[in-house]
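Below, chains carry the letters A, B, ... as their sequence lines are ordered, and counting in each starts from 1. The basis for the numbers below is simple: all heavy atoms, side chains too, and nothing from hydrogens, waters or symmetry mates.
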There are 2 protein chains.
Amino acid sequence: MAGRITAVSIVDAIAADLRSRIFSGELGSGHTLTETDVASSYEVARPTAKASIEKLVAEGLLDRGTHKTARVVELGPDSVRDIYLARAYLESEVLRRLARTRDVPEAAVQANRDIAALQTGAPLDVIEPDMRFHTSLIDAVGNERISRMYRSLVGEVRLCMVRIQSLHLLDTALIQAEHQKILELIEAGRGDAAAELLDEHLGRARERLVAAMGGIAGPEAGARSELLPE
Amino acid sequence: MAGRITAVSIVDAIAADLRSRIFSGELGSGHTLTETDVASSYEVARPTAKASIEKLVAEGLLDRGTHKTARVVELGPDSVRDIYLARAYLESEVLRRLARTRDVPEAAVQANRDIAALQTGAPLDVIEPDMRFHTSLIDAVGNERISRMYRSLVGEVRLCMVRIQSLHLLDTALIQAEHQKILELIEAGRGDAAAELLDEHLGRARERLVAAMGGIAGPEAGARSELLPE
DNA sequence: CGCCCTTCGATTGTCTAACAAGTACACATG
DNA sequence: CATGTGTACTTGTTAGACAATCGAAGGGCG
């Protein structure tokens with residue numbers, strides 16, 4: 001298998017590019033995306049741009065009402081709590097299940113090694129391997145629905161992350177150590193303990209996000225900063 | 001609030017109609033839906049029909065690859081296990097949470113009353129209040145993400161149901177009694193017991209579905225019956 | 001006679017152009 | 001100041017068209 005080729009449609013390609021631009025922070029919360037703008041900037045027809053936008057709306061990354069311009073969703077503290085609670089629901093059950101068969105997924109081990117390796121560099125770099133750690137745990141149970149649901153949450157989590165410029169809030173070493181401990185608990189068959197530690201792990205991250213969002217910027221900060229360049 | 005007015009777009013209206021036709025069994029598993037067919041039968045333009053189809057694909061009710069006609073998804077025993085496991089993950093955590101505050105949602109009580117009331121009539125009639133019972137429990141925690149995820153599962157559950165013509169497999173009285181017991185356990189604050197009973201409740205339903213699907217018809221039965229009218 | 005290749009119909013992906021309908025904001029009016 | 005009007009911008013929907021692709025039918029060849 002020599003690097004599986006994938007012919008993505010134009011709609012998918014544009015959606016993917018917009019998504020990565022949202023995750024990179026280039027398109028911040030509240031940023032508006034009109035169909036014509038997207039169409040002209042990618043040099044495609046408006047229906048194509050429209051379809052891309054609707055794809056991201058379905059993913060929960062964009063928000064829009066009928067006859068209104070789409071905009072990058074603005075997540076408030078309440079949304080963060082919802083998202084992290086949903087994560088905890090899914091992931092703690094997954095940990096219990098993995099512990100029952102003492103199945104430590106290799107991909108998760110590798111992801112955590114990657115986190116340990118990058119202790120220098122930009123703080124944003126920890127996001128990708130961190131997400132990969134958690135998703136590989138989820139994927140390990142081989143339940144397509146659960147993986148799909150978790151992935152939609154991951155998208156929103158990343159949206160939270162870019163809202164917080166000051167990502168030095170995240171203690172890379174602590175994250176890595178807790179991941180390691182979770183893996184060890186799975187291997188020891190102690191599912192309940194693993195789930196409990198995960199709850200702490202996610203709970204701490206959530207509270208830091210909420211505190212940072214509440215203290216530094218309200219949910220409408222993105223829209224406000226959008227007014228300046230005009 | 002006098003009956004909130006909602007102006008649905010044509011795309012949404014068609015998607016809703018197709019969805020109900022799928023749930024009613026009129027469009028069985030494997031049934032093909034070409035864009036032109038949908039467009040002409042609803043007398044709309046093809047792009048409109050296309051958008052409706054893509055909406056249902058995103059919901060997981062239809063399945064299609066690039067350049068291939070959409071068809072109603074065919075769920076095998078493995079999918080049923082995945083779906084019911086995912087349901088159990090979400091719902092058991094929700095029960096624990098509701099029990100913590102001893103919060104018995106009125107909507108769930110009403111739904112179970114409705115089940116008790118219809119002990120006569122067609123076996124399909126139990127599906128709607130049964131689903132309503134479970135979704136009102138989920139909605140009671142007020143977490144938009146979890147509600148959204150559960151709703152996508154409910155769609156697939158209903159898809160399972162219509163595959164099983166012989167719904168007399170379902171014992172209405174038993175369902176109603178177990179629901180009642182779950183509500184009582186929530187009120188008593190015994191979350192773990194409620195979650196355990198729910199696991200049994202869902203597990204039994206799942207095993208009956210799997211047995212019925214495996215014994216009566218394989219995953220490709222829908223496609224086979226599709227050949228006959230030709 | 002069976003298999004491979006070509007061809008063709010059907011279907012989807014995408015585009016252009018256009019009109020209808022709705023929203024938002026500025027403006028004028030009372 | 002509140003209200004209504006109007007205009008510009010944006011989206012919803014349609015029509016028709018062409019290219020690309022898939023699936024199957026048919027013909028040529030071993």
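What separates CD1 of Ile10(A) from P of dA19(D) is a distance of 15 Å, to the nearest Å. When rounded to the nearest whole Å, the span between NZ of Lys68(B) and C1' of dG13(C) equals 15 Å. Rounded to an integer number of Å, the gap from NZ of Lys50(B) to P of dT14(C) is 7 Å. Rounded to an integer number of Å, the gap from CD of Glu43(A) to P of dT16(C) is 10 Å. We find that CZ of Arg71(A) is positioned 16 Å from P of dT23(C), with the value rounded to whole Å. The CG atom of Leu33(A) sits 19 Å away from the P atom of dC9(D) (whole-angstrom rounding).
Listed nucleotides dT16(C), dT11(C), dT14(C) differ in distance to Ala45(A); the shortest reach to its side chain belongs to dT16(C).
Ionic pairing of Lys55(A) and Asp12(A) is present here: one or more N-O contacts between side-chain nitrogen and carboxylate oxygen are shorter than 4.0 angstrom. Between Arg151(A) and Asp139(A), at least one side-chain N (NZ, or NE/NH1/NH2) sits under 4.0 Å from a carboxylate O, which counts as a salt bridge. Using a 4.0 Å cut-off between charged nitrogen and carboxylate oxygen, Arg113(A) and Glu106(A) count as a salt-bridge pair. By the 4.0 Å N-to-carboxylate-O rule, Arg96(A) lies close enough to Glu93(A) to be salt-bridged with it.
With 3.5 Å as the limit, one finds no donor-acceptor pair spanning the side chains of Asn143(A) and Tyr89(B).
Comparing His67(A) and Asp37(B) along DNA chain C, the residue whose closest nucleotide (by nearest heavy atom) sits nearer the 5' end is Asp37(B). Judged by closest nucleotide on DNA chain D, Thr34(A) is the one of Pro47(B) and Thr34(A) placed further toward the 5' end.
Within the structure, the ring-ring contact (aromatic ring centres under 6.0 Å, His included) test picks out the following pairs touching residues 129-157 of chain B (sequence neighbours left out): Phe133(B)-His179(B), His134(B)-His179(B), His134(B)-His201(B).
Side-chain atoms of Arg46(B) come within donor-acceptor range of the base of dG13(C), with a qualifying N/O pair under 3.5 Å.
Contacts of residues 53-65 of chain A with DNA chain C (heavy atom under 4.0 Å): none.
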